[in-house]
Amino acid sequence: MIQAVLFDLDGVLVSTDEYHYRSWLKIAKEEGFDFFDHEFNHQFRGVARMECVEILTKASGRTYTADQKKAIADRKNGYFAESLLFVTPDELLPGALDALMELKRRGIRIAVASNSRNAKPIIKQVGIEQYLDAIVDGHEIENSKPDPEVFLLAAKSVGVAPANCIVVEDAIAGLEAARRAGMKALGIGTRERLPNADIVVPDLSKISIDDLLNL
């Protein structure tokens, strides 16, 4: 019996993709990476920031020290954090608010489990704090998805056994993390892009809470 739903944040409940893209684009322009565009940016979906830096610098063909890579990551996060001032409830994805409200009404435990270190300010900006029983973000974990740490910690935070949790994710790495945690998973996107999900829908407006809890 499902007693808790663990949501990834970006791409599931909210969309800050364009904010991330603009922040990485600014870095690319500063570094002279003329290959960076929306298509290249797709490689960053569900990937931790330092791993994104590795992908970016490797594609450039240049050699960067560990300190230089960290500086790039810090600059990107600074640009993104500044942009969060402009995030509003309009960034909530279709069906997200209705799903949170209905789950809360039914007494289902709700957590956000995200690699992002910016999860809490985003959640505050879009106004969904009151629906969440726990938030586990990049500040609280040592291992990013596909490691199951974030989901196992979220399950522990809401007091529910992993087998009684379901994950809602939009990235292959997150779905793999759910599998490793022993949890079923709903994929947000397409079956072609998310072959490892138990079920896939375009967004949360396309699945009933009954169907979600009966996966």
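All values below come from the heavy atoms of this structure, side chains included, with hydrogens, waters and symmetry mates left out.
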- Query: Side chains of D210 and S208: do they bring a donor and an acceptor to under 3.5 Å?
  - Reply: no

- Note on the structure: Those residues at least two apart in sequence (or on a different chain) that pass ring pair (Phe, Tyr, Trp, His ring centres under 6.0 Å) with F40 are F35, F36, F44

- Item | Heavy-atom pair of closest approach, residues F151 and G174 | CE1-O, 3.4 Å

- Task: Determine yes or no for a side-chain-to-main-chain donor-acceptor pair under 3.5 angstrom, with D198 supplying the side chain and A185 the backbone.
- Result: yes

- Query: Considering the options V5, D98, I108, L103, which one meets the side-chain contact (heavy atoms from CB on, under 4.5 Å) requirement together with I209?
  - Reply: L103

- Message: Is there a side chain to side chain contact (heavy atoms under 4.5 Å, CB included) between V136 and S157? Walk through the geometry before answering.
- Response: CA-CA 8 Å; V136 180; S157 297; 3.9 Å; yes

- Task: Please answer: with hydrophobic residues joined when any side-chain heavy atoms are less than 4.5 Å apart, are I188 and L175 in the same cluster?
- Result: no

- Shortest non-hydrogen pair, L204 vs A96, comes out as CD1-CA, 3.9 Å

- Report yes or no: does D133 contribute a side-chain atom to a donor-acceptor pair with the main-chain N or O of I110 at less than 3.5 Å? yes

- What's the spacing between Q3 CD and R106 CZ if we round to 0.5 Å? 14.5 Å

- Distance col, row K120:NZ vs H139:NE2, nearest 0.5 angstrom, shows 7.5 Å

- Task: State yes or no: do I166 and I135 share one hydrophobic cluster built from I, L, V, M, F, W and Y residues joined by side-chain heavy-atom distances below 4.5 Å, directly or via other members?
- Result: yes

- Message: So does G138 get a backbone contact from the side chain of N115, meaning a donor-acceptor N/O pair under 3.5 Å?
- Response: no

- Where does the angle between the aromatic ring planes of Y19 and F80 fall among parallel (under 30°), tilted (30 to 60°) and perpendicular (over 60°)? perpendicular

- Query: Can we say E82 and K26 salt-bridge, meaning some charged N sits less than 4.0 Å from an Asp/Glu carboxylate O?
  - Reply: no

- List the steps, then state whether side chain to side chain contact (heavy atoms under 4.5 Å, CB included) holds for D8 with V168. CA-CA 6 Å; D8 179 42; V168 185; over 6 Å; no

- Query: What is the minimum heavy-atom distance between L93 and G11, and which atoms define it?
  - Reply: CD1-C, 3.4 Å

- Item | D10 side chain vs T16 backbone, donor-acceptor pair below 3.5 Å | yes

- Message: Using the salt bridge (charged side-chain N to carboxylate O under 4.0 Å, His left out) definition, which of the options E176, E51, E169 pairs with K145?
- Response: E169

- Task: State whether the side chain of Q125 and the backbone N or O of L84 hold a donor-acceptor pair below 3.5 Å, judged by distance alone.
- Result: yes

- Task: State the CG-CG distance between L100 and L132, to the nearest 0.5 angstrom.
- Result: 6.5 Å

- Query: Going through the distances and angles, do L215 and I2 end up as a side chain to side chain contact (heavy atoms under 4.5 Å, CB included)?
  - Reply: CA-CA 9 Å; L215 273 184; I2 299 301; over 6 Å; no

- Could you walk me through whether R75 and I72 pass side chain to side chain contact (heavy atoms under 4.5 Å, CB included), step by step? CA-CA 5 Å; R75 273 160 48 210; I72 288 174; 3.8 Å; yes

- Task: Quick one: sort the H38 and Y21 rings into parallel, tilted or perpendicular, breaks at 30° and 60°.
- Result: parallel

- Task: Check whether the side chains of R49 and N77 place a donor and an acceptor atom closer than 3.5 Å, and report yes or no.
- Result: yes

- Task: Output the distance between atom CG (L153) and atom CD (E140), rounded to the nearest 0.5 Å.
- Result: 6.0 Å

- Query: Do any N or O atoms from the side chain of E91 and from the backbone of T88 form a donor-acceptor pair under 3.5 angstrom?
  - Reply: yes

- Query: Should we count NZ of K184 as having more than 12 external heavy atoms under 6.0 Å?
  - Reply: no

- Residue that, paired with Y64, satisfies side chain to side chain donor-acceptor pair (under 3.5 Å) out of K70, E31, K69: E31

- Task: Following the transitive rule for hydrophobic clusters with a side-chain heavy-atom cut-off under 4.5 Å over Ile, Leu, Val, Met, Phe, Trp and Tyr, establish whether L9 and V201 coincide in one cluster.
- Result: yes

- Task: Give a yes or no on whether I123 and L6 share a hydrophobic cluster (residues Ile, Leu, Val, Met, Phe, Trp, Tyr; joining criterion: side-chain heavy atoms under 4.5 Å apart).
- Result: no

- Correct closest heavy-atom pair for P162 and M183 would be O-CG, 3.3 Å

- Can you establish whether the number of heavy atoms outside E142 located under 6.0 Å from its atom CD is more than 12? no

- Query: Taking all non-hydrogen atoms of both residues, which atom of V126 and which atom of L92 are closest, and how far apart?
  - Reply: O-CD1, 4.0 Å

- Message: Are L186 and V14 linked, directly or through intermediate hydrophobic residues, by side-chain heavy-atom contacts shorter than 4.5 Å (ILVMFWY only)?
- Response: yes

- Rounded to the nearest 0.5 Å, how far does OG of S60 lie from CG of D34? 10.5 Å

- Query: Do you know which two heavy atoms are closest between A81 and N118, and how far apart they sit?
  - Reply: CB-OD1, 4.4 Å

- Message: For the backbone of I172 and the side chain of R193, can you confirm whether one donor and one acceptor N or O come within less than 3.5 Å of each other?
- Response: no

- Atom pair SG/CD1 of C52 and I27 - distance to nearest 0.5 Å: 12.0 Å

